[in-house]
Every structure is written in C-alpha cells, then in structure tokens.
Amino acid sequence: MSENNNISKSKLHGLWALTNRELKKWYKAPTVFILTLIQPVIWLGLLGNALNIGSLFSSSSFTPPTLTPPLTPTQAMQLGQYFQGLQNEIMGSTFGTTSYISFMAVGMIAFTALFTTMFSGMSVVWDRRLGFLNKALSTPVSRAVIILSKVLSATLRSMFQAAIILIIAVPLGFQFGAAFTPINILGVFAFLFLICLGLSSMFIAINIRSTRIETPMAVMNLLNLPLTFASSAFFPIERMPEWLQAVATVNPLSYTMNGMRQLLINPTINYSDLALQYAYVGIFAAVLTTIGIVLSWRFLNK
Amino acid sequence: MSEYSIKAEGLTKVFNGSLVAVDHIDFSVKNGEIFGFLGPNGAGKTTTINMLITVLKPTEGKASILGYDIAKQNNEVRYSIGVVPQEYTADEDLTGYENILLCADLYGISRKISTKRAADLLKLVELTAFKDKKVQTFSGGMRRRLELACGLINRPKVLFLDEPTLGLDVQTRAATWNYIKMLKKEFGMTLFMTTHYLEEADALCDRIAIIDHGKIIVVGTPTELKDSLGGDIITVAIKKDVDITGLVEKLEHVKEVKKENGSYMIKSENGEVTAPLIIEALRKEGHVVTRLSLTKPTLNEVYLQYTGKSMRDAEESGDSLHAKRMMMARRRH
Ligand SMILES: Nc1ncnc2c1ncn2[C@@H]1O[C@H](COP(=O)(O)OP(=O)(O)OP(=O)(O)O)[C@@H](O)[C@H]1O
Ligand SMILES: [Mg+2]
C-alpha cells in the first residue's frame with residue numbers, strides 16, 4: 001500500500017486513455033470503421049450526381065432545335081462550346097467552382113463533423129446509463145477531462161473522415177481550385193478542429209444531465225435542421241431566400257464550409273474573409289468549449 | 001490517524017426535491033472492518049455509497065473517508081478509495097486487460113506499475129486466460145471479478161462493494177468471499193459492502209447496519225443483532241390436545257411459550273439446554289412428543305424483524321414462515 005505516491009497528479013491525466021477508449025470503439029470495430037469509409041462514397045456518388053446542378057447546363061443535355069437550314073457541324077460545335085462556357089460561368093459565379101461535386105464534397109466534410117460530434121454527445125448518456133460515468137467520477141480523473149476526451153475523440157475522428165472524403169472525391173471528379181497548395185490542407189484541418197470542438201461541446205452540454213436518450217435526441221434533431229439546411233452545404237447563401245439567409249449567416253457551419261472552400265476549391269482566396277471565417281469559428285469553439293467544461297464541473301456529479 | 005475509516009453524520013440525499021432516498025444517517029466504520037449495509041430494494045444503500053464515493057453530492061449532512069471530507073477534499077477521497085459498483089461498468093468493447101489499464105490511467109498510475117498490477121490482479125481474480133477477450137464475451141461472474149480487479153487497481157485503503165455477489169453461482173460466490181476476507185487480512189483494507197444475502201453478511205461482516213426507507217434502523221455485530229431477538233425458538237408438538245404452557249414455562253431459560261397451529265412455540269435463551277428438558281418434563285407427565293425442532297435465529301429473522309416486510313412476529317418459526325410464504329405465493333397465482 002505504499003506505492004500510491006507513484007501517481008501523476010497532473011490535471012490532465014487520463015485524457016488520452018479516455019480518448020483512446022472512444023476511438024477504439026470505432027477503429028477496432030471493422031464494420032463501423034468500414035461504414036464510415038463507405039458512407040462518404042455513397043453520399044458523394046449519389047447526392048453529388050443526383051444534385052449535379054452543373055449538368056443541367058451542360059451541352060449534352062441541350063439538343064438544339066432542328067433548324068432550317070440545318071447547322072453545319074462547325075456551327076453545332078460552336079453552339080456546344082457556347083453552352084459549355086455558359087455553364088462554367090454560371091457554376092463559377094454561383095458556387096465558386098465549375099464542379100458541383102467539389103462544392104458538395106466540402107459540405108460533406110462539414111456534415112460528417114456534425115454527425116460525428118452529435119454521436120459523441122450522445123455517448124455521454126450511454127456512459128451514464130451503463131455506469132461507466134459513475135465509475136469514472138469516483139476516480140480522481142478531472143471532470144473536464146471526461147468531457148474533453150469526448151470532444152477530442154470526435155475531432156480526431158472527423159479529421160480522419162475528412163481526409164477520406166477528400167481522397168475519395170478526387171477520382172469522383174473533385175477539382176482543387178487555382179489557389180490551392182498542399183499547405184491549405186492544414187488550414188482545412190484547423191477549421192475542422194475548431195468546429196468539432198464547438199459542436200461536440202454543444203452536443204455534450206445538451207446531453208450532460210440526461211439519463212434517457214429521447215429528450216436530447218429531440219433537441220438535437222431540432223438543432224440539426226437549421227444547422228444543415230440553413231448553411232452553405234448544398235447551396236450558396238447568397239442564393240437563398242432572405243429569411244434563410246439570416247439563419248445561415250449566423251450558422252458556424254457556413255463559415256467553416258466557406259472557409260474550407262476558399263482553401264480548397266475557389267480560384268482565389270480572399271484573406272480578409274478567411275480571417276473573419278477563422279475568427280468566427282474560433283470564437284464559437286472557445287465559447288462552447290468553455291461552457292462545456294463549466295457545465296461538466298457543475299453537472300456531471302448530480 | 002483516527003480510529004475510523006468512514007464517518008457519516010446526518011448524511012441525507014433528496015432526489016428531485018421530494019424523494020428522500022437517504023434520511024439523516026449516522027454511522028462510522030472502524031479501520032480494517034468489514035461493514036455490511038443491509039436493506040430492502042430502494043432502501044438507499046447505493047445512494048449512500050454514491051455519496052461516499054463522491055459521485056453524488058449530499059443534500060445535507062457530511063461524511064469523511066480517512067478523515068478527508070467527501071465534499072471539500074473529494075480528490076483526496078478519490079485517491080484512497082476503490083469501488084466495485086452494483087452494475088457492470090466495464091467497457092464491453094474493450095478487453096478485460098484494456099479495462100483494467102483504463103482504470104489505472106484514470107488514477108494516473110504510470111504504465112510501468114499498472115501493467116504489473118494488472119497482471120497480479122488478473123491472476124487474483126482468475127481471469128488471466130481471458131484477459132485479451134472482449135468483455136462482451138464475459139459471463140456475469142467474470143464481469144463481477146473484472147469489476148473487483150478494477151476496484152483494486154489503485155490499492156485503495158477503503159473499498160466499496162455494492163452487491164458484489166449478485167447473480168453469482170455458488171462457487172464464484174465462495175471465491176468472492178475468499179477475496180474479501182483476504183483483502184481484509186492481508187492488506188488491512190476497510191470494506192463497506194451491501195448485500196441481499198444474509199448468510200453472506202453473517203459470515204463476512206464484522207458489523208452490520210440495517211437500513212430501510214433511507215434510515216438506519218439498527219447497527220451491531222451479527223451476534224448482537226441475533227441476540228437482540230431474544231433467543232432460540234423450539235417448536236414442539238404432542239399427541240394429545242392438552243395445554244402444556246404452564247408445564248414448559250417453568251423450565252430453565254424459557255422466556256415465552258405460545259400456542260400456534262396445534263404446536264407450541266417456545267422461546268429460550270439457550271435452546272440446546274432447554275430442548276432435552278422439555279422432552280423430559282413432557283415424558284414425566286405422560287405426553288408423547290410427536291415433533292420437536294430447534295431454530296437458532298439467523299440474520300434472516302433479524303432482518304425481517306427490523307424491516308418487517310413479510311413477517312413482523314419474530315416468534316414464528318422458520319416452518320410456519322415457509323408455509324406463509326407458500327400461501328402468499330399460491331394466492332398470487
Ligand atoms: N438518480 C436518481 N434519481 C431519482 N431517484 C433516485 C435516483 N437514484 C436512486 N433513486 C431513488 O432513491 C431510492 C434509493 O435507491 P437506491 O438505489 O439507493 O436503493 P438500494 O438500497 O441500492 O436498492 P437496491 O437494493 O435495489 O440496489 C429509490 O427509491 C430510488 O428510486
Ligand atoms: Mg443498490
């Protein structure tokens with residue numbers, strides 16, 4: 001009974017152990033792991049093509065009316081080129097890129113972050129119900145660490161999934177913008193890190209007192225709707241009806257996606273916009289993580 | 001250091017503003033003692049433990065573990081206690097070994113020490129062969145043993161066991177008893193346990209508290225509690241239907257005689273001495289004894305006396321209690 005002095009009394013002990021526990025549930029379960037890889041393929045392949053707005057304007061979908069006298073092959077080709085140019089112009093001015101799948105893929109990345117963080121929020125309830133939380137609370141591990149481990153695991157998972165989405169999107173037609181350099185990837189991960197911090201703190205805060213999953217589920221569904229649709233995931237904000245724009249302009253996911261799009265697919269980067277986007281998402285993350293930690297001190301122990 | 005490992009004064013927990021789960025309880029547990037907490041479902045046992053292990057905040061009152069206040073010095077408390085909870089709390093998706101190491105990490109125990117301790121503990125609870133299997137595949141008994149190993153990883157001075165033998169088979173239960181005795185003997189650990197098995201409490205606990213409706217009704221050693229019932233019960237039946245009360249009452253150690261269902265219930269301070277005397281006295285008067293049984297009070301009787309759920313009359317013998325239960329069971333069908 002004398003070896004008790006051989007323990008670290010650092011405030012953060014247990015953080016990696018608890019984070020790794022969450023991650024193991026994912027990377028050690030082959031089906032879950034493979035599903036998280038397949039999911040983006042399905043989303044991109046199906047939705048990306050079904051909603052491929054660009055194809056509406058493509059030359060192949062347009063059959064010129066039979067004219068008299070008929071067009072010479074050169075004229076037909078010129079007309080085709082004209083429509084192609086028109087498509088690119090419309091796409092470029094609407095989505096900031098000529099390929100809708102590129103626009104979508106970035107939305108997909110943000111979505112994955114949203115869902116991953118949502119599930120990490122729900123795992124607080126499971127931990128409470130299955131007694132694991134009580135056990136952890138009876139040990140000297142910091143209450144904030146219990147929350148931070150969930151935030152961190154959701155963040156790491158989202159980052160990994162984002163990388164997968166990008167890798168998969170390239171053969172499906174993803175086009176990097178003219179301003180893209182490999183260093184921008186780091187910037188994308190910085191965005192992801194911040195948004196995951198904020199979102200998972202938010203979802204955990206919603207779940208922190210619950211012993212049942214139903215109530216927080218309803219709250220989360222209510223939140224998810226505006227978070228997804230009033231964002232620039234599928235469509236640029238400027239083209240939305242005004243009331244939706246109002247919601248979308250405060251939605252941190254919009255800032256994340258717009259920022260990531262600047263880094264990945266836009267032809268040029270507007271650095272003052274980018275700074276604003278980082279600041280907005282960063283403040284969101286800081287405020288919600290603080291709230292999450294304060295709540296964990298107050299409410300994890302009933 | 002003080003003589004007491006656990007001290008509670010006026011400890012109270014009220015849930016949702018109205019449900020009084022634990023109601024101003026006072027008790028203390030001496031160093032190195034095995035203290036049993038008995039009581040019906042919902043009596044407040046787990047709630048008491050959860051307050052002592054700093055998981056629940058008391059609504060009122062205070063308690064200390066090894067002199068550390070559970071509210072103000074909760075981190076010191078957490079370092080010195082181990083917990084084996086009522087539910088299975090191990091992570092199903094991890095292996096047994098990973099679970100133990102996870103517990104060690106929660107205490108900030110360095111990997112060098114924790115791997116060695118984990119190996120020792122796995123051996124102690126006889127799970128070494130299964131250590132790399134996922135907990136999902138463990139049986140109930142294996143899970144309980146794993147919980148025990150997790151609860152011991154930080155070498156606690158005070159160990160809380162919430163129904164440690166719930167749902168275990170006879171062999172595993174016996175093995176668990178042995179661990180518990182060993183922990184007390186070899187490490188001088190103080191143990192606070194709850195159980196519904198009264199014979200287990202009788203065999204293991206140095207002292208017992210019976211709690212009901214959030215209040216402690218009685219505290220004492222198993223012997224004290226049994227003695228408080230006032231002695232052994234002798235049941236006698238004779239052939240002829242005559243009153244022998246007067247005859248038996250005069251015999252040594254007899255405290256009370258009662259006639260019930262055609263037989264006599266005799267309460268004696270010393271059943272072994274009284275029983276032969278009864279037979280002799282009855283024979284002398286020409287009565288034929290058709291049946292005689294001697295029941296020593298067990299904790300069962302004590303428990304039922306104090307919690308009074310199915311029997312308030314402590315004079316009733318085990319037999320008639322059994323009959324009564326059967327009747328109740330039949331009525332339910
Ligand atoms: N988190 C909670 N919220 C509300 N009520 C609770 C909570 N936990 C326990 N209770 C109530 O407090 C009372 C005491 O419960 P407790 O779990 O302490 O009983 P127990 O003695 O451990 O019972 P058992 O033998 O069934 O384990 C019960 O009425 C229970 O319903
Ligand atoms: Mg209980």
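Remember, predicted model here, so these are calculated numbers, not experimental data. Each chain gets a letter, A, B and so on, in the order its sequence line appears, and its residues count up from 1.
Under the 30°/60° scheme for interplanar angles, the aromatic rings of B/F192 and B/F160 are found to be tilted.
Heavy atoms closer than 4.5 Å to chain A are found in both the backbone and the side chain of B/L106. Contact annotation for B/N74: neither backbone nor side-chain heavy atoms come within less than 4.5 Å of a heavy atom of chain A. In this structure, chain B has heavy atoms under 4.5 Å from both the backbone and the side chain of A/L18. Looking at A/R129, neither its backbone nor its side chain comes within 4.5 Å of chain B, counting heavy atoms on both sides. Heavy atoms closer than 4.5 Å to chain A are found in the side chain of B/E98, but not in its backbone. Contacts of B/E147 with chain A are made by side-chain atoms alone, with heavy-atom separations under 4.5 Å and no backbone atom involved. For a residue to count as touching a neighbouring chain, one of its non-hydrogen atoms must lie under 4.5 Å from one of that chain's; by this rule B/I81 touches chain A with the side chain only.
Residues A/S200 and A/K150 have side chains not in contact (no heavy-atom distance under 4.5 Å, counting atoms from C-beta outward).
The local environment of NZ in B/K131 is crowded, with over 12 non-hydrogen atoms from other residues, nucleotides or ligands closer than 6.0 Å. For OH of B/Y68, the number of neighbouring non-hydrogen atoms (other residues, nucleotides, ligands) closer than 6.0 Å is 12 at most. Residue B/K215 qualifies as open at atom NZ: its count of foreign heavy atoms under 6.0 Å is 12 or below.
Annotation for B/S5 and B/V158: closest pair CB-CG2, 4.1 Å, computed over non-hydrogen atoms.
Chain B forms more heavy-atom pairs under 4.5 Å with one residue of A/A17, A/S138, A/A29 than with any other, namely A/S138.
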